[in-house]
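Okay, structure first, notes after.
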Amino acid sequence: MELIVRNDLRRPDRPHAIVIGSGFGGLAAAVRLGARGYRVTVLEKLDAPGGRAYVYQQDGFTFDAGPTIVTAPFLFEELWKLCGKSLADDVELRPVSPFYRIRFHDGAGFDYSGDPAAMRAEISRFAPGDLAGYERFMQASEAIYRIGFEQLGHVAFDSITDMLKVVPDLLRLASYRTVYGLVSRYVRDPQLRIVLSFHPLLVGGNPFATTSVYCLIAFLERRWGVHFAMGGTGQLVQGLASLIEGQGGTIRCNAEVKTIMAEGRRAIGVRLVTGEELPAHVVVSNADSAWTYRELLPPKFRRRWTNKRLKRAQYSMSLFVWYFGTRRQYPDVAHHTLLLGRRYKELLEDIFERKVLASDFSLYLHRPTATDPSLAPAGCDTFYVLSPVPNLGGSTDWRSQAEPYRRAISAALSESLLPDLEQNIVTSRMLTPLDFRDRLNSYQGAAFGMAPLLTQSAWFRPHNRSEEIDGLYLVGAGTHPGAGLPGVLSSAKVLDSVVPDAAVFA
Ligand SMILES: Cc1cc2nc3c(=O)[nH]c(=O)nc-3n(C[C@H](O)[C@H](O)[C@H](O)COP(=O)(O)OP(=O)(O)OC[C@H]3O[C@@H](n4cnc5c(N)ncnc54)[C@H](O)[C@@H]3O)c2cc1C
């Protein structure tokens, strides 16, 4: 295999790997497969790579559609290293501080950062009685990180034995508790409990239901920082695309896969919606895992992930995202702000359980021009505001609700952080759960795939090596370990242990 990689990068007869979808998981998988000797073709439905990290250029403003909080930068660095390069050659990652500015409905504020002294000072000001409990929570977070991320994040979990082996660790770490439940064992102040437990929302989960394994994020962020890619997250997408092309791989946009073709119980390639057939030695799907099984792999090949079982599974929330540019700047607004409404647990129940669109909301406001002014014309600001909403398992009619919902959010922002907002908007666009379903092919319009519940994690999640047919592999948010950039980059790393070396087919 080494010989193939080093000497024959452009050999057209190298074993062929197809990657369906160019989200971060798909691009990372392509780089890894290319480094292992495969000739890689990435097939993307949209007109540009990135998936949820698509970039909209509009009226002189640059809008990253999705991820902007970059944690665990070493996972990106590994991909550049595989190509003999350094991440810094192509992308500048700039640390952001505070990580998040959290603003409660009663006006209380909390600057959440990775600096232990600054965090201690914030907690002493906010809830002094919880300082010792916070320190113990961070120790617990580190212990969970060591096991949950370092040891289990890159295991394929495609046998029940793999799962049984980790049960003692999971019990010891109290993974049966929820994130909110675990945090509540360490701190008492109701607002501090929210500050330390909102992280699952970044990967689509309800803090009151998500396994406490996700408490590892607190330590991950402190250890490695929260970064922003200068020029926008799109720079990371472009950087990965260049790595793939440098390896002799191809990214074909406007190329939607209709079916994964199989012979016996082995994947042999894909058929596009145009009817074109592309043979491959291995097929990796970066499309949503539920969509991959429901729509791309015919039912006769499916024993575990039947339509019935997929329907029964629980899916992450969806998102309403409003991207807008303003003709003025709002210099007091931090890069990442959480604006929490009056209701928290009840609002989350509306979103995740009752699946109704509430008239109140909690928002995440992104102002990338706080770090990189080049993303807006001079004197202007670029924003997006994101509101967690029910997925399409509910019955909200987004065709009629989107604009009134946007107006309500705009009014709330005008009253709080962005005075006179409506008069200052110069460009605007929205993304609703319908876009997650119709544009990004996500079952039930879920923004983060299957929900991160303990009963849908590791062996219980659709496997990275398909349980259904040989030669098919899954990467991205809907497989192990889960959503978020560290999760999907790790899922690509898992493939190194289950996809055979290209030499096997050579
Ligand atoms: C608004 C938003 C903000 C977020 N913010 C953050 C953040 O700050 N930090 C963070 O770590 N995470 C964040 N996340 C989560 C993170 O973005 C995702 O978990 C991650 O990007 C998903 O990557 P993926 O590899 O699963 O692929 P996706 O990005 O889901 O891409 C899948 C691709 O497959 C393509 N596809 C689907 N079906 C087909 C087909 N049949 N044929 C061809 N192509 C197909 C789709 O068009 C898409 O391009 C955010 C998510 C959203 C939506």
Side-chain angles (χ1 to χ4, degrees), residues 18-30 41-54 63-73 75-76 96 99-100 199 201-204 217 220-221 226-229 233 236-237 240 251-260 270-273 284-292 294-297 316-323 335-336 364 366 368 384-388 431 433 435-443 445-450 452 474-479 481-492:
I18 283 180
V19 179
I20 306 168
S22 65
F24 272 113
L27 294 173
T41 307
V42 181
L43 299 167
E44 170 54 54
K45 172 190 173 187
L46 302 178
D47 62 358
R52 276 148 173 81
Y54 191 90
F63 295 105
D64 280 317
T68 61
I69 298 165
V70 179
T71 49
L75 290 172
F76 282 103
V96 176
F99 294 167
Y100 315 99
H199 285 96
L201 289 164
L202 302 178
V203 289
I217 299 177
L220 176 89
E221 285 181 343
V226 163
H227 304 265
F228 183 68
T233 307
L236 284 166
V237 173
L240 288 172
I251 301 178
R252 271 181 70 180
C253 292
N254 301 308
E256 181 171 2
V257 171
K258 172 122 177 88
T259 311
I260 295 165
V270 300
R271 185 177 305 114
L272 304 187
V273 287
V284 175
S285 180
N286 177 224
D288 173 45
S289 55
W291 194 280
T292 298
R294 279 179 64 92
E295 308 294 334
L296 304 183
L297 190 65
S316 68
M317 67 196 186
S318 194
L319 295 172
F320 172 87
V321 195
W322 175 34
Y323 310 86
H335 190 137
H336 302 293
Y364 157 68
H366 180 228
Y384 79 54
V385 61
L386 170 165
S387 178
L431 190 81
D435 296 296
F436 284 99
R437 185 191 64 192
D438 301 337
R439 190 177 148 78
L440 288 159
N441 289 1
S442 293
Y443 183 54
F448 304 84
M450 257 181 211
L474 268 56
V475 73
T479 182
L485 300 186
V488 305
L489 296 179
S490 296
S491 74

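Both counts, for ligands and for their atoms, begin at 1 and track the order of listing. Heavy-atom basis, side chains included; hydrogens, waters and symmetry copies ignored.
Using 4.0 Å as the threshold, Tyr384 has a heavy atom nearer than that to some atom of ligand 1. Ligand 1 has no atom lying under 4.0 Å from any heavy atom of Ser491. At least one heavy atom of Phe436 sits closer than 4.0 Å to an atom of ligand 1. By the 4.0 Å heavy-atom criterion, Gly50 is counted among the residues contacting ligand 1. At least one heavy atom of Ala65 sits less than 4.0 Å from an atom of ligand 1.
Partners of Thr41 under the side-chain hydrogen bond (donor to acceptor under 3.5 Å, both in side chains) rule, at least two apart in sequence or in another chain, are His16.
Not one N or O of Arg439 is nearer than 3.5 Å to an N or O of ligand 1, by distance alone.
Contacts between Leu319 and ligand 1 below 4.0 angstrom, taking non-hydrogen atoms only, involve the side chain exclusively. Neither the backbone nor the side chain of Pro49 comes within contact range of ligand 1; no heavy atom lies under 4.0 Å.
Remark: aromatic rings of Phe24 and Phe76 are close, center separation under 6.0 Å. For an aromatic pair to be called close, the ring centres must be under 6.0 Å apart, and His336 with Phe99 fails this.
Geometrically, Arg52 does not engage Phe448 in a cation-pi contact defined by less than 6.0 Å to the ring centre and at most 45° from the axis.
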